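Shown next, in structure tokens, is the structure this report addresses.
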Amino acid sequence: MNRPEEKPISTAVRNAITEVLHERFGSDAIADVDIAHVEDDDGEALLRIDVHHRFSSGAVDTRLTYGLTQLVRERLWKLGETDDCWLRHRYDERQRVAS
């Protein structure tokens with residue numbers, strides 16, 4: 001049996017996640033998306049999704065991340081993906097955040 005990190009990510013899953021992110025942030029705001037099957041601390045399988053945001057000269061509104069995990073889950077469930085997901089947002093260290 002494959003270990004979770006060895007399980008390949010299907011093109012349909014990768015495309016669905018990318019579409020949701022682009023719908024929320026715009027296609028220019030996302031530099032890259034890393035997706036991997038991993039296990040949580042309890043040994044449950046999940047998709048770890050690292051969202052790498054492009055640096056922006058303006059302040060970022062982090063409210064755009066609210067509810068995003070649920071949107072991704074719903075899209076993945078429609079594809080039959082049963083693993084839960086965990087989104088991590090990666091910003092340039094110089095990035096300002098709107099207050």
Side-chain angles (χ1 to χ4, degrees):
M1 182 164 165
N2 286 345
R3 292 181 43 186
E5 63 270 20
E6 295 172 349
K7 184 178 173 183
I9 306 298
S10 74
T11 301
V13 166
R14 182 172 300 282
N15 289 344
I17 292 168
T18 303
E19 286 172 9
V20 171
L21 294 171
H22 286 180
E23 288 167 6
R24 179 60 66 99
F25 296 105
S27 58
D28 293 338
I30 306 297
D32 196 16
V33 180
D34 295 323
I35 307 167
H37 284 278
V38 297
E39 290 181 353
D40 67 11
D41 293 337
D42 296 323
E44 297 293 322
L46 61 88
L47 285 173
R48 184 188 63 223
I49 304 165
D50 287 322
V51 183
H52 301 273
H53 295 265
R54 290 190 197 286
F55 176 74
S56 170
S57 58
V60 171
D61 183 357
T62 58
R63 291 178 294 182
L64 292 174
T65 64
Y66 298 174
L68 187 57
T69 300
Q70 186 60 33
L71 292 174
V72 171
R73 277 188 197 122
E74 289 170 1
R75 187 77 59 95
L76 294 177
W77 288 336
K78 289 179 183 177
L79 295 174
E81 177 62 58
T82 58
D83 290 349
D84 201 359
C85 62
W86 173 34
L87 274 75
R88 300 189 302 181
H89 296 276
R90 307 296 188 177
Y91 293 94
D92 187 287
E93 63 187 31
R94 300 167 295 158
Q95 186 64 58
R96 292 180 318 140
V97 176
S99 53

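Since the model is a prediction, treat every value here as computed from it, not as a measurement.
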Take His53 and Asp92, measure what side chain to side chain donor-acceptor pair (under 3.5 Å) needs, and give me the verdict at the end. CA-CA 7 Å; His53 295 265; Asp92 187 287; over 6 Å; no

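- At a threshold of 4.5 Å between side-chain heavy atoms, the hydrophobic network of Ile, Leu, Val, Met, Phe, Trp and Tyr places Ile35 and Val38 in two separate groups.
- Among Thr18, Thr65, Ile30, Asp32, the one residue that satisfies the side chain to side chain contact (heavy atoms under 4.5 Å, CB included) test with Val51 is Ile30.
- Looking at Ile49 and Ile17, their side chains come closer than 4.5 Å, going by heavy atoms from C-beta outward.
- Heavy-atom contacts from other residues, nucleotides or ligands closer than 6.0 Å to CZ of Arg88 number more than 12.
- For the pair Asp40 (side chain) and Asp42 (backbone), a donor-acceptor distance under 3.5 Å is present.
- The distance from the CG atom of Leu46 to the SG atom of Cys85 is 8.5 Å, given to the nearest 0.5 Å.
- Looking only at side-chain heavy atoms (C-beta outward), Tyr91 and Val60 come within less than 4.5 Å of each other.
- At a threshold of 4.0 Å, the pair Asp28-Arg54 does not count as salt-bridged, since none of the basic side-chain nitrogens sits closer than that to a carboxylate oxygen.
- With contacts defined as side-chain heavy-atom distances shorter than 4.5 Å, the pair Leu47/Asp84 does not qualify.
- Asn15 contributes atom CG, which lies 8.5 Å from atom OG of Ser10 (distance to the nearest 0.5 angstrom).
- Using a 4.5 Å heavy-atom threshold, the side chains of Val72 and Gln70 count as separate.
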Could you walk me through whether Val33 and Arg14 satisfy the side-chain contact (heavy atoms from CB on, under 4.5 Å) test, starting with their C-alpha distance in whole Å, then the side-chain angles of each, then the deciding distance to 0.1 Å, before giving a yes or no? CA-CA 9 Å; Val33 180; Arg14 182 172 300 282; 5.6 Å; no

For Thr82 and Trp77: C-alpha separation, side-chain torsions, deciding distance, then whether side-chain contact (heavy atoms from CB on, under 4.5 Å) applies. CA-CA 6 Å; Thr82 58; Trp77 288 336; 5.8 Å; no

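- Of the possible polar contacts, one joining the Gln95 side chain to the Ser56 backbone as a donor-acceptor pair under 3.5 Å is found.
- Taking both residues in full, the closest heavy atoms of Ala98 and Asp61 are given as CB-CA, 4.3 Å, listed atom of the first, atom of the second, then distance.
- Note that OG1 of Thr69 and CH2 of Trp86 are 11.0 Å apart. Values are rounded to the nearest 0.5 Å.
- Salt bridge present: Glu23 and Arg75 bring a charged side-chain N and a carboxylate O closer than 4.0 Å.
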side-chain contact (heavy atoms from CB on, under 4.5 Å) between His37 and Ile9, intermediate numbers included: CA-CA 8 Å; His37 284 278; Ile9 306 298; 3.1 Å; yes

Please walk me through it: do His89 and Asp50 pass side-chain contact (heavy atoms from CB on, under 4.5 Å)? CA-CA 6 Å; His89 296 276; Asp50 287 322; over 6 Å; no

